[in-house]
Visitor: 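I have a structure I would like to understand better, so I am pasting it below and will then ask my questions one at a time.
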Amino acid sequence: MAEKLRSIRGIHDGLPQQVEIWRKIESAARRVFARYAVAEVRLPILEPTELFVRSIGEATDIVSKEMYSFVDQGDAHICLRPEGTAGAVRAYLQAGLTRAGTQRWYYCGPMFRRERPQKGRLRQFQQIGVEWFGAAGPVEDVEVLAMAHDFLVEIGLSELRLELNSLGCPACRPAYRDRLVDYLQQRADHLCATCHERMDKNPMRVLDCKEEQCQQQLQDAPEMVAHLCQGCAGHFAAVRCGLDALAIRYQVNPRIVRGLDYYNRTAFEIVTDQLGAQGTVLAGGRYDGLVQELGGPATPAIGFAAGLERLAMLLDAPSPTSPDIAVVALGDVVMDWSLQQAAALRSRGISVIHCGGGSAKRQFKIADRELVRYTLIIGEDEMAQGKVTLRNMSTGEQQLLSPDEIVLPA
RNA sequence: GUGGAUGUAGCUCAAUGGUAGAGCCCCGGUUUGUGGUACCGGUGGUUGUGGGUUCGAGUCCCAUCAUCCACCCCA
């Protein structure tokens, strides 16, 4: 290799130890989601660029500077999906499911954003996402939140913080937004440069600013939860009521702002302080307008996405898996027969490695390094009798057996 | 996109501007029928890359790439 070949910046390999953790998280998700009658969908990784421009919003960072988009050989404008919701809505409409009743979906797969990598942030990362279509009431919000909560408990993360907010709706948000902008403009002199940008692009983001000086100015800034219309206020109250009924702990955080344009009413994040600046491990909310925005009938919907890599960082590495048996073949004449013994054991569901022959010492070293529980020693003596020696690697105990007598304790 | 830190063997790290090293790992040996311990030996490097300064650069300077962390933004 003249030049060292590396994976693309911010795009990492999933090596066995890492994948082991991912699989644990995914299987927990599958178990829990099944209990809520949620079905898996597998959606394209490539989508028309237009889909995200129309759904996420052209002005958002994701669309304006973080998408991997390109023109293919047929002059089509396509991109690697930066998130999962838009594609799910597209699929829902394309399949003609708008009159098929509530659809409860989940998916699991890679997303792509061309950001500067840091802790908990990659250019290719995986999300486990959930989308419920045709779910209008606060009860569904509660159930989605309960499911997210159950999922995290299932993987052993019960101490995470659920933060809840309401973003209002087209009836009440514009008026609130004007009120907020007024407030901010009065104090514009004391706000940081990025907050000035946020005032134009997304004023609610100012509430989130990390600058202490800005936060001081925001002490009594108007909050959406205090300016909800009657419908939104009732919805929000019912969501809180349902969470209380299920004894799911949460705190209202009026400063939660969803990044993507399509959210309304319920918005939530599940956060940890163990992950540095990227503490959000799962986030979502209601997006009642999106289906219509993409050309379908008015369809209420709610969903969330969890970052697989971020969740994995909170879990302990699993102990390495090891084979049950290592086959040690002593002498070339026994090689074929030893291969047959290994094959026979595997056909019984036992995991076996073959140490490949050579000196006994070499083969036992291999067996030792693989952390096997037993070695199966096959030499000319054994083969002549049609038997094998089974050695317990932790006790050193050995016994001569015929191959089909081998029974491993569970 | 902006800022900071860091790049030397597979890994963890040494080396005042003067011959690139150690430990661990790996491979082999100490009875080609017995592992974890011990001893012996061995493989392995264009010092991230490209320039510059110098008699001489791992070391100083510039650029570039990558990793990590933070901003921005977000899962």
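To find a chain, count down the sequence lines: A is the first, B the second, and so on, and within it residues start at 1. These numbers come from a predicted model, not from an experiment.
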Visitor: For the residue pair A:E269 / A:T280, report whether a side-chain donor-acceptor contact shorter than 3.5 Å exists.
Guide: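 Indeed, the side chains of A:T280 and A:E269 share at least one donor-acceptor pair under 3.5 Å.
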
Visitor: Check the orientation of A:H227 and A:Y176. Use parallel for under 30°, tilted for 30 to 60°, and perpendicular for over 60°.
Guide: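 Tilted, since the angle between the ring planes falls between 30° and 60°.
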
Visitor: A:L308 near the nucleic acid: base, sugar-phosphate alone, or nothing, with a heavy-atom cut-off under 4.0 Å?
Guide: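 Counting heavy atoms under 4.0 Å across all strands, no contact is made by A:L308.
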
Visitor: Could you work out which one of B:G33, B:A75, B:C73 sits closest to the side chain of A:Q127?
Guide: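 Side chain of A:Q127 sits closest to B:A75.
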
Visitor: Measuring from the side chain of A:A283 (C-beta onward, heavy atoms only), which nucleotide among B:G33, B:A75, B:C71 has the closest atom?
Guide: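 My answer, after comparing the listed nucleotides, is B:A75.
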
Visitor: Using whole Å, what does the distance between atom C1' of nucleotide B:G35 and atom CD1 of A:I325 come to?
Guide: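 Rounded to the whole Å, the gap is 16 Å.
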
Visitor: Would you measure the distance from the C1' atom in B:U53 across to the matching atom in B:C62 and give it in whole Å?
Guide: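 So the two C1' atoms sit 11 Å from each other.
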
Visitor: So what does A:Q124 touch, heavy atoms closer than 4.0 Å: a base, only the sugar-phosphate, or nothing?
Guide: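 No contact at all - A:Q124 keeps every heavy atom at 4.0 Å or more from the nucleic acid.
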
Visitor: Please state how far atom CZ in A:R81 lies from atom P in B:A75, giving the value in whole angstrom units.
Guide: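 Distance check: A:R81 CZ to B:A75 P gives 14 Å.
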
Visitor: Looking at A:Y183, is A:R187 sitting on its ring face, NZ or CZ under 6.0 Å from the six-membered ring centre and within 45 degrees of the normal?
Guide: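 Yes; both conditions hold, so A:R187 lies above the ring face of A:Y183.
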
Visitor: When the P atoms of B:U64 and B:U2 are compared, how many Å lie between them, rounded to an integer?
Guide: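 Nearest-Å result for B:U2 against B:U64 at atom P: 10 Å.
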
Visitor: Could you tell me the separation between the CG atom of A:L330 and the P atom of B:U31, rounded to a whole number of Å?
Guide: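 Interatomic distance, CG of A:L330 to P of B:U31: 17 Å.
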
Visitor: Between B:U34 atom P and A:I378 atom CD1, what is the distance in whole Å?
Guide: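 It works out to 17 Å between those atoms.
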
Visitor: Phosphate oxygens OP1/OP2 of B:A70: is one of them under 4.0 Å from a side-chain N or O of A:K119?
Guide: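 For A:K119, the contact criterion (side-chain N or O under 4.0 Å from OP1 or OP2 of B:A70) is not met.
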
Visitor: Counting the atoms with a prime plus P, OP1 and OP2 as sugar-phosphate, which does A:A367 contact under 4.0 Å by heavy atoms, base, sugar-phosphate, or nothing?
Guide: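 A:A367: no heavy atom of the nucleic acid under 4.0 Å.
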
Visitor: If you look at every strand shown and take non-hydrogen atoms under 4.0 Å, does A:G276 touch a base, only sugar-phosphate, or nothing?
Guide: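 Result for A:G276 = sugar-phosphate.
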
Visitor: Taking only the C1' atom of each, what is the distance from B:G44 to B:C39 in whole angstrom?
Guide: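 Per the computed distance, 22 Å lies between those C1' atoms.
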
Visitor: Please confirm whether the shortest side-chain N or O distance from A:R369 to OP1 or OP2 of B:C27 is below 4.0 Å.
Guide: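 A:R369 to B:C27 OP1/OP2: side-chain N or O found under 4.0 Å.
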
Visitor: Using salt bridge (Lys or Arg N to Asp or Glu O under 4.0 Å) as the criterion, point out the one residue from A:E293, A:E47, A:E50 that pairs with A:R90.
Guide: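 With A:R90 as partner, A:E293, A:E47, A:E50 yield a single salt bridge (Lys or Arg N to Asp or Glu O under 4.0 Å), made by A:E47.
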
Visitor: Between A:E131 and A:Y107, do the side chains contain an N or O donor and an N or O acceptor separated by less than 3.5 Å?
Guide: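 Side-chain D/A pair, A:E131 to A:Y107: present.
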
Visitor: Among the candidates B:A75, B:C68, B:U34, find the nucleotide nearest to the side-chain atoms of A:F125.
Guide: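 Closest of the options to the side chain of A:F125: B:A75.
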
Visitor: Could you measure between the two P atoms, the one in B:G35 and the one in B:C68, and give it in whole Å?
Guide: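 That atom pair is separated by 42 Å.
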
Visitor: Starting at the 5' end of RNA chain B, which residue's closest nucleotide do you reach first, A:K210 or A:E309?
Guide: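 Its nucleotide being nearer the 5' end, the pick is A:K210.
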
Visitor: Look only at the side chain of A:R310 and the backbone of A:G120, and say whether a donor-acceptor pair between them is shorter than 3.5 Å.
Guide: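 Looks like yes, one N/O pair under 3.5 Å.
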
Visitor: Contact class for A:L122 (heavy atom, under 4.0 Å): base, sugar-phosphate, or nothing?
Guide: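 The residue A:L122 makes base contact.
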
Visitor: Roughly how many Å is it from CD in A:E131 to P in B:A75, rounded to a whole number?
Guide: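 Atom CD in A:E131 sits about 12 Å away from atom P in B:A75.
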
Visitor: Which of the following nucleotides, B:A75, B:U34, B:G29, is nearest to the side chain of A:S359?
Guide: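 Given the options B:A75, B:U34, B:G29, the side chain of A:S359 is closest to B:G29.
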
Visitor: Under the 3.5 angstrom rule, does the side chain of A:R104 hit a backbone N or O of A:W132 as a donor-acceptor pair?
Guide: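 Not confirmed, A:R104 side chain does not pair with A:W132 backbone.
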
Visitor: Checking all strands, does A:G284 fall into the base, sugar-phosphate, or nothing category for heavy-atom contacts under 4.0 angstrom?
Guide: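 No contact.
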
Visitor: If you only use heavy atoms from C-beta on, which nucleotide in B:G28, B:C73, B:G35 is closest to the side chain of A:R362?
Guide: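 Looking only at side-chain atoms, A:R362 lies closest to B:G28.
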
Visitor: Looking at every strand, decide which applies to A:Q278 at a 4.0 Å heavy-atom threshold: base, sugar-phosphate, or nothing.
Guide: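 The answer is base, as A:Q278 lies within the cut-off (heavy atoms under 4.0 Å) of a base atom.
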
Visitor: Decide yes or no, distance alone: a donor-acceptor N/O pair under 3.5 angstrom between the base of B:U31 and the side-chain of A:K361.
Guide: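 Absent.
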
Visitor: For the side chain of A:R114, starting at C-beta, report the closest nucleotide among B:A75, B:G1, B:C68.
Guide: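 Of all the options, the side chain of A:R114 is nearest to B:G1.
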
Visitor: Among side-chain atoms of A:R240 and A:Y250, is any donor-acceptor pair under 3.5 angstrom?
Guide: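 Yes, A:Y250 and A:R240 have a side-chain donor paired with an acceptor closer than 3.5 Å.
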
Visitor: Are A:H77 and A:D72 linked by a side-chain donor-acceptor pair shorter than 3.5 Å?
Guide: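 No pair is found: no donor N or O on one side chain lies under 3.5 Å from an acceptor on the other.
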
Visitor: Using only heavy-atom distances, decide whether a donor-acceptor pair under 3.5 angstrom links the side-chain of A:R116 to the base of B:G3.
Guide: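 When only heavy-atom distances are counted, A:R116 does reach the base of B:G3 through a donor-acceptor pair under 3.5 Å.
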
Visitor: Between the base of B:G33 and the side chain of A:Q363, is there any donor-acceptor pair under 3.5 Å?
Guide: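 Not at all, since no donor on one side and acceptor on the other fall under 3.5 Å apart.
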
Visitor: Mind checking the C1' distance from B:A75 to B:G51? Whole angstroms is fine.
Guide: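 One C1' to the other, the span is 42 Å.
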
Visitor: Roughly, in whole Å, what's the span from CZ in A:R9 to C1' in B:C68?
Guide: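 A:R9 atom CZ is separated from B:C68 atom C1' by 10 Å.
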
Visitor: With sugar-phosphate meaning primed atoms plus P, OP1 and OP2, does A:M393 contact a base, only sugar-phosphate, or nothing at under 4.0 Å between heavy atoms?
Guide: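 Base, at least one base heavy atom under 4.0 Å.
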
Visitor: Can you measure A:Q398 atom CD to B:G33 atom P for me and round it to whole angstrom units?
Guide: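 The answer, rounded to whole Å, is 14 Å.
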
Visitor: Heavy atoms from C-beta onward define the side chain here; which of B:A66, B:G28, B:A75 lies closest to that of A:T280?
Guide: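 Among B:A66, B:G28, B:A75, the one nearest the side chain of A:T280 is B:A75.
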
Visitor: Quick one: is A:Q118 getting a side-chain N or O under 4.0 Å of the B:C69 phosphate, OP1 or OP2?
Guide: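 Checking A:Q118 against B:C69: no side-chain N or O falls below 4.0 Å of OP1 or OP2.
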
Visitor: Classify the nucleic acid contact of A:E83 as base, sugar-phosphate or nothing, counting any heavy atom under 4.0 Å across all strands shown.
Guide: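 Contact class for A:E83: none.
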
Visitor: How far does the P atom of B:U59 sit from the matching atom of B:U49, given to the nearest Å?
Guide: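 Comparing P positions in B:U59 and B:U49 gives a spacing of 11 Å.
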
Visitor: So, the side chain of A:Q363 versus the backbone of A:G357: is there a donor-acceptor pair under 3.5 Å, distance only?
Guide: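 Flag set: sc A:Q363 to bb A:G357 pair under 3.5 Å.
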
Visitor: Paired stems touching RNA chain B, three or more consecutive Watson-Crick or G-U pairs with both distances under 3.5 Å?
Guide: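 So the stems come out as B:1-7 with B:65-71, B:10-13 with B:21-24, B:26-30 with B:38-42, B:48-52 with B:60-64.
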
Visitor: Find which nucleotide of RNA chain B each of A:K365 and A:A306 is nearest to by heavy atoms, and output the residue with the more 5' nucleotide.
Guide: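 Result of the comparison: A:K365.
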
Visitor: What's the CZ-P distance between A:R6 and B:C65, to the nearest Å?
Guide: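 So the CZ-P distance, A:R6 to B:C65, works out to 14 Å.
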
Visitor: For a quick check, tell me whether the side chain of A:R391 and the base of B:G35 share a donor-acceptor pair closer than 3.5 Å.
Guide: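 Looking at the base of B:G35, it does pair with a donor or acceptor on the side chain of A:R391 (distance under 3.5 Å).
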
Visitor: With rounding to whole Å, what would you report as the distance between B:U47 and B:C11 at their P atoms?
Guide: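 Nearest-Å result for B:U47 against B:C11 at atom P: 16 Å.
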
Visitor: Using a distance-only test with no angle check, is there a side-chain donor-acceptor pair under 3.5 angstrom linking A:T389 and A:E382?
Guide: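 The criterion, which ignores hydrogens and geometry beyond distance, is satisfied for A:E382 and A:T389.
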
Visitor: Provide the distance between the two P atoms, one in B:G33 and one in B:G42, to the nearest whole Å.
Guide: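 These two P atoms come out 26 Å apart once rounded.
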
